[in-house]
Amino acid sequence: MLRQIHHILAFVCAVHAAAAREINFEALFGPHVSDDTEIASAGSDNFSSVLSHHWTLWKAPKFQGAIKPATEADVQKIVKLATKNNISFLATNNGHGTNTKYGITPVDLNINLRNLNSVAVDGKKNTVTIGGGTVLGEVTEKIYAAGKELPTGNAVCVGMVGLTIGGGVGVQTGTHGLTLDALLSVRLVTWTGDVITVSKKRNADLFWAIKGAGANFGIITEATYELYDHTNHGQVLYNRYTFPASANRSIFELMATYDGDNLPAPMSYIPQIRFNRETNLPEILLLIVYFGSKEQAQPHIDKVLALKPVAATLNYGPQPPMFEFLSVGLCSTDYRNHFHVGTKRTDPATYEEIFGDMVEFYKAHPGYNGVVILQRESTRYALSRPVHESVYPWRDIGTFALMLNRWDPTTVSDADLESIADTVMGKIQKTSGFKTRHVYINYDYGTETLAEIYGAKNLNRLSKLKGEWDPHNKFGRGNPIPLLGKVKASSYGRFVENGRADDLRK
Ligand SMILES: Cc1cc2nc3c(=O)[nH]c(=O)nc-3n(C[C@H](O)[C@H](O)[C@H](O)COP(=O)(O)OP(=O)(O)OC[C@H]3O[C@@H](n4cnc5c(N)ncnc54)[C@H](O)[C@@H]3O)c2cc1C
Ligand SMILES: *[C@@H]1O[C@H](CO)[C@@H](O)[C@H](O)[C@H]1NC(C)=O
Ligand SMILES: *[C@@H]1O[C@H](CO)[C@@H](O)[C@H](O)[C@H]1NC(C)=O
Ligand SMILES: *[C@@H]1O[C@H](CO)[C@@H](O)[C@H](O)[C@H]1NC(C)=O
């Protein structure tokens, strides 16, 4: 019976694929965009260079064509023409979106924003304006050189706007808040191809929505942020310690002492569970980052040293090399995926247990090289910001628990990975301190509910804005916000209660 269903499904898919219309992207867009705009169809020699980079080989999104606009005016024309010709599109920058729906739902056209890549510091206004196709490392380098800083994420390869419109968390969250807290305004190309300014003063409702649900409303061609002066004269301490498996419990116990408001704002405490394939032993790496002097960090370093690390890399210096250091292992492309849940409480017993689960999995699957990262940064600043300023619902997440999988697809199956991820993330969720799952949209997998992503209380207002700004659902493929008008009030109520997107589609 099951096999029959598979056959029928395969047949339906084949018919569907055959029915997909042929679009001549070059002919359609070429005459209307600037000469520097590159266009290619799937199968052509130039396709891979026009298409956006994607962070993993696993379930990479599939497109029929790709276009790489050179200017904002090009983006406007592309969106106008695509809308007019009923061509579905997804605008991407450096392709670090973790949501697997991108790879499953076919989309006609990739709009690769990477050429909209610029960083302009305005020293007088104390702001930086970046293009919609800029990556984190490009921003942090330039502003650092200008004597400034900005709370960003940790990996130099992620798109800066993509990061911002979901939240933006990293080692400076404790000192300056989320990246979106520093956002002052954006220029946004809407589904009609018009470009508008969105800020606290202009389209203020939309500005609220952009800060946490930004991928749903248009293409951001430019973003302006407030800058901060260098903390600690631009010097930062960043150490990495290696521990044997036997130290696991004490590392988690030390972490628990920093729960709540006990972690100093300038400090990050980031343990990472891994398996060393050279020594054939599990181990824990512990990353300590401190935006302060060595003396200020020392009491905390002493606590780490008391746990007897077997190796250490010690650094103290300017910020840009720190971002490179934090990015090691994060920015190369192979088979990868990503599971996540947010927590506000550290339960050492749970972490000891999942460490055991991981060790078993590593031993059973020699082709597996994933890591579990507990990204703990101070919530002090983020929690001090008024909640009503942005959609972003989870300022109370203290630790972003991440499972970053890397594997050899010939020996490890998707089902194996899902199973270990369910076990590990399920256990972490149970003792997370949150009754319902708190999921950071930028670390999503694609199966979470909209309430887990946007917060149930925000859904009505988001749906209203969706109807106003994207009435035909052109944007937001990862976590599309449903239109209010298209949903029966009764099912919407149920949806808000259960937070299940599926209820809406019935
Ligand atoms: C290895 C890795 C490390 C990461 N590290 C961090 C971290 O330290 N901190 C953190 O907060 N997050 C981190 N992230 C998550 C990251 O912030 C998100 O994946 C972000 O969406 C990446 O942006 P991108 O442009 O690279 O991705 P893309 O896949 O190109 O885009 C992601 C989404 O953003 C939208 N988007 C991108 N640019 C624009 C634009 N200009 N206008 C409108 N929509 C746009 C896209 O349409 C898409 O929906 C990490 C992710 C990975 C895979
Ligand atoms: C491919 O790109 C090259 C260099 O950018 C360009 O000269 C050539 O015309 C392109 N070919 C096609 C088929 O678009
Ligand atoms: C637009 O395309 C979608 C799918 O690609 C199709 O379902 C829909 O009927 C099309 N609409 C029009 C007006 O052609
Ligand atoms: C974790 O630490 C505890 C307590 O020291 C120890 O009993 C346990 O064996 C360790 N786990 C692993 C997988 O080594």
Side-chain angles (χ1 to χ4, degrees), residues 19-21 52-56 61 75 85-99 101-102 106-108 110-114 116 130-136 151-171 173 178-180 186-189 210 214-223 244-253 273 281-284 323 326-327 329-333 336-338 340 348-349 351-360 362 373 375 377 400 402 404 440-444 472 475-479:
R21 76 202 150 119
S52 278
H53 169 73
H54 192 64
W55 75 290
T56 170
V75 176
N85 292 281
N86 194 26
I87 291 171
S88 62
F89 57 85
L90 174 65
T92 48
N93 175 12
N94 216 31
H96 282 73
T98 50
N99 190 305
K101 272 187 226 146
Y102 297 140
V107 179
D108 297 330
N110 175 234
I111 305 179
N112 179 353
L113 301 171
R114 192 69 180 99
L116 303 182
I130 66 163
T134 312
V135 299
L136 187 144
T152 58
N154 297 340
V156 290
C157 47
V158 301
M160 187 66 187
V161 169
L163 173 125
T164 306
I165 59 183
V169 297
V171 289
T173 307
L178 303 162
T179 309
L180 56 74
V186 301
R187 283 173 69 81
L188 178 98
V189 175
I210 295 276
N216 258 278
F217 297 96
I219 299 176
I220 292 169
T221 50
E222 225 177 71
S246 58
N248 74 85
R249 179 77 188 213
S250 45
I251 292 165
F252 301 135
E253 276 168 1
I273 293 171
L281 289 170
E283 60 190 23
I284 298 191
F323 285 110
L326 297 183
S327 304
L330 289 179
C331 295
S332 46
T333 311
R336 288 163 180 238
N337 69 17
H338 195 287
H340 148 71
Y351 287 141
E352 181 185 337
E353 196 179 324
I354 64 135
F355 182 53
D357 294 335
M358 288 301 292
V359 171
E360 255 178 58
Y362 288 124
I373 303 173
Q375 188 185 345
E377 283 126 3
F400 296 80
L402 313 172
L404 177 61
Y440 172 33
I441 186 169
N442 280 352
Y443 289 162
D444 65 345
H472 302 292
F475 303 103
R477 296 186 175 280
N479 293 288

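Start at 1 and go down the list; that is how both ligands and their atoms are numbered. Not measured: the values here are computed from a predicted model.
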Ligand 4 contact on P282 by region, counting heavy-atom pairs under 4.0 Å: neither
Can you tell me the protein heavy atom closest to [atom] and the distance?
atom: atom 34 (O) of ligand 1; answer: G162 CA, 3.9 Å
atom: atom 50 (C) of ligand 1; answer: V158 CG1, 3.6 Å
atom: atom 9 (N) of ligand 1; answer: V169 O, 2.7 Å
atom: atom 29 (O) of ligand 1; answer: G97 N, 2.9 Å

Structural part of L113 in contact with ligand 1, heavy atom criterion under 4.0 angstrom: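 Near ligand 1, L113 shows its side chain, while the N, CA, C and O stay back.
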Numbered atoms of ligand 4 (with element) below 4.0 Å of R249, judged on heavy atoms: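 Listed by number with element, the hits are 2 (O), 4 (C).
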Contact atoms of ligand 4, heavy-atom distance to S246 under 4.0 Å: 2 (O), 5 (O)
Minimum distance, heavy atoms only, to [atom]: which one of [options] is it?
atom: atom 51 (C) of ligand 1; options: E377, H54, R477, H96; answer: H96
atom: atom 45 (C) of ligand 1; options: N93, I165, T221, L188; answer: I165
atom: atom 43 (C) of ligand 1; options: G218, G166, P151, P61; answer: G218

Polar-atom distance check: [X] versus ligand 1, any N or O pair below 3.5 Å?
X: W55; value: no
X: Y102; value: yes
X: A91; value: yes
X: N442; value: yes

Under a plain distance cut-off of 3.5 Å, with no hydrogens placed, do [Y] and [X] share a side-chain donor-acceptor pair?
X: T98; Y: D444; answer: yes
X: Q375; Y: Y443; answer: yes
X: N110; Y: T92; answer: yes

With heavy-atom distances below 4.0 Å as the criterion, list the atoms of ligand 1 near [X].
X: T92; value: 30 (O)
X: A155; value: 3 (C), 5 (N), 8 (O)
X: G153; value: 7 (C), 8 (O), 9 (N)
X: A215; value: 49 (O)
X: L163; value: 9 (N), 10 (C), 11 (O), 12 (N), 17 (O), 20 (C)
X: G132; value: 41 (N)
X: I219; value: 42 (N), 43 (C)

Side-chain heavy atoms of I219 within contact of L188, under 4.5 Å: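 A side-chain contact is absent here, since even the closest heavy-atom pair is not under 4.5 Å.
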Just to check, does [X] reach to within less than 4.0 Å of ligand 1 when the distance is taken from its heavy atoms?
X: G170; answer: no
X: G168; answer: yes
X: S52; answer: no
X: Y440; answer: yes

Residues in side-chain hydrogen bond (donor to acceptor under 3.5 Å, both in side chains) contact with R336, at least two apart in sequence or another chain: S332, D334
Criterion side chain to side chain contact (heavy atoms under 4.5 Å, CB included) against V186, the qualifying member of I165, I220, T221: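 Only match with V186 under side chain to side chain contact (heavy atoms under 4.5 Å, CB included): I220.
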Those protein residues which place at least one heavy atom below 4.0 Å from ligand 3: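 Contacting ligand 3 under 4.0 Å are N86.
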Residue pair W55, N94: steps toward the side-chain contact (heavy atoms from CB on, under 4.5 Å) verdict: CA-CA 8 Å; W55 75 290; N94 216 31; over 6 Å; no
